[in-house]
Protein chains: 2
Amino acid sequence: MSTKSSPRTSARPRLSSLNRRERAPDHRAAGSPAALQFRPIHTRRAFEEICERIREQLVLGVLKPGDKLPAERDLARQLGVSRNVLREALRSLEMAGVLRLQKGVKGGAFIREGDTSRMNDVMRDMLSLGTISVRELSEARVHVLDLVVRLACANARAADLEALEANVDRTELATREGRLLDRVECSREFYKLLAAATGNKVIAMIMDSVTEIHMRFVYAKVASSGVAMARLAEKRRQFLAALRERNVSSATRLMRTHLESVQRMLEQDPGAMSLHVALADIQPGIRR
Amino acid sequence: MSTKSSPRTSARPRLSSLNRRERAPDHRAAGSPAALQFRPIHTRRAFEEICERIREQLVLGVLKPGDKLPAERDLARQLGVSRNVLREALRSLEMAGVLRLQKGVKGGAFIREGDTSRMNDVMRDMLSLGTISVRELSEARVHVLDLVVRLACANARAADLEALEANVDRTELATREGRLLDRVECSREFYKLLAAATGNKVIAMIMDSVTEIHMRFVYAKVASSGVAMARLAEKRRQFLAALRERNVSSATRLMRTHLESVQRMLEQDPGAMSLHVALADIQPGIRR
DNA sequence: TTCCATTGAATGGGTGATCCATTTAATAAT
DNA sequence: ATTATTAAATGGATCACCCATTCAATGGAA
């Protein structure tokens, strides 16, 4: 072994002696039972250990949103890893929405408020990879929206209703001025506000994740064909009225029939709609 | 500028001339309208560009599950970035469940089948960061489960019912043998099978994500107190019977009352239940 | 004093060379 | 034929740099 390698393995405290956490058991002396299953062992890598430790501090409450981690150089030294490896870990946590990295003096790695849009990215990747289908997503959206409408009827507060009303105002204006794509943007916002009106951030997050991609399809459709939903603002007003009255069955019915007509619109000339067109430009983003 | 820096900026084709995609518009000559909002510009970093390009190839169908990316050294050269930066991108994609990295000759970066468990990790981080509360998660779970039961009644196939039946058999056995923690594991599996019985992977994914953490709480409770749900297997049999009969109202009612009793169990001695206990040991994992 | 340009240090972003550990196919020895 | 050995390819990790951005401290001009 070369003399150069020795400092790497001994000169400073290393991350963990548990670097390889699990080993395949040695069954050589015990024969080979047929049903025996080996979980693939997977050598634990430094960056995983680092991510784990940081998440641990989060769960323990030692780290909270707004807190700053030590500078990369310091933290790397503390953990006994190279700066590059530490950066891999920080990158992963950044992409997971846990950290926000900021340059410059007074910069650093800050714990973020949770980024609820991360679920959208998961959904997008699942679609890209073909693990879920557009059909499944649409179907799920119908059911989730049904739930959201019921919860919004039960829990919407005055502020929620006002925000929705203002949204419909914008929708109406966009319609009058012929800004169809802006109107699609209003629709996206409408569903986001409706999701928020449930008063449950988990439900809202789920709702957003199944709505995001759907709206991309609508956008692509409107952009390419120029056709758009007729009497949209009017339908929204009716729905809002039902919501105000806490009339679950009416609100549900209105939303359901609306979804059906949107679906019919999307399914005209289905050949024009490709996953690729709808998903283009959405990239798991780092929102700062 | 030193002579050393010049090769970095000119010697080989760089990632993109669009390295900074969006710039804040220059409004100096136009005054300062009050409502003007600046989206924070954020210098696009190399690893983001790389992730985007790879995801692009996914959406376009050029890359499919099972495909292998070029070796790190080659890909880095092709993209005109250093190997370290490329690795940051690959790490991020690995943590996102898009890639699987494998060592050794014949190793490399392979496109994975989508990993539906990624959503669980998002949920976990949201809890750790305090963005969502346990209360919201439990409430969401009740509603989602309600939906899942309805869909399972409508769509469960013979194979699904068999798997559920086998699961209840195991539950019964574990009960008789007093293996309470194994029985919790059975419960986790039960809900996973039920989710799968909906026939919709999006719904299943959502269901799993709200169930995972909940089951950690149940596990921690059972492990610490030794108490456990009475007549569990029996209740499961009743529920399965309703499911077989496609009796939505009965199945829904049975599940709902069961959830309530579980909730009562969890809420005894609530002080003992901390987020930290329940979340310990769950780490966004790389399952190979 | 007040204001604005300059400077310099801290920080994340990025590079390239080098070595290690694991895996596997080709090769040699038995 | 079978079994060790070897060599090459690959991801994992380290080190020593340099660059670009940011911002507080500094200092000179108004």
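Comparing atom distances between the A:K106 side chain and each of D:dG12, C:dG12, D:dA24 picks out D:dA24 as nearest. Distances were taken from every side-chain heavy atom of A:N84 (C-beta onward) to each of C:dG16, C:dG13, D:dG11; the shortest belongs to C:dG16. For B:A46, whose side chain is taken as the heavy atoms from C-beta onward, the closest listed nucleotide among C:dG14, C:dT11, D:dT22 is C:dG14. Proximity note for A:S82 (side chain, C-beta onward) versus C:dG12, D:dA9, D:dA13: the nearest is D:dA13. Among C:dG12, C:dA10, D:dG12, the nucleotide with an atom closest to any side-chain atom of A:R87 is C:dG12. With C:dT11, D:dG11, D:dA13 as the candidates, the nucleotide lying closest to the side chain of A:V85 is D:dA13. Taking every side-chain heavy atom of A:R73 into account, C:dG12 is the closest of C:dG12, D:dT10, D:dT14.
To the nearest 0.5 Å, the span separating CE on A:M205 from CE on B:M119 amounts to 8.0 Å. B:E212 contributes atom CD, which lies 10.5 Å from atom CG of B:L137 (distance to the nearest 0.5 angstrom).
Under the 4.5 Å side-chain criterion, counting only non-hydrogen atoms from C-beta, B:R188 is not in contact with B:V218.
Side chain to side chain, B:N200 and B:T198 fail the donor-acceptor criterion of an N or O pair below 3.5 Å.
Judged by a 6.0 Å distance limit and a 45° cone about the ring axis, A:R170 is not positioned over the six-membered ring of A:F190.
Atom pair A:E72:CD and D:dA16:P shows a separation of 17 Å (rounding to whole Å applied). One can place CG of A:L79 at 11 Å from P of D:dT14, the figure rounded to the nearest angstrom. Summarising the geometry, the separation between CG on B:L86 and C1' on D:dA13 is reported as 15 Å, rounded to the nearest angstrom. Distance B:R77 CZ to C:dG16 C1': 13 Å, rounded to the nearest Å. The distance between atom CG of A:D74 and atom P of C:dG12, rounded to the nearest whole Å, is 9 Å. A:E48 places its CD atom 16 Å from the P atom of D:dG11, with the value rounded to the nearest Å. With rounding to whole Å, B:Q102 atom CD is found 15 Å from C:dA21 atom C1'. One can place CD of A:E88 at 14 Å from P of C:dG14, the figure rounded to the nearest angstrom.
Judged by atom type and distance alone, B:R83 reaches the base of D:dG11 through a side-chain donor-acceptor pair under 3.5 Å.
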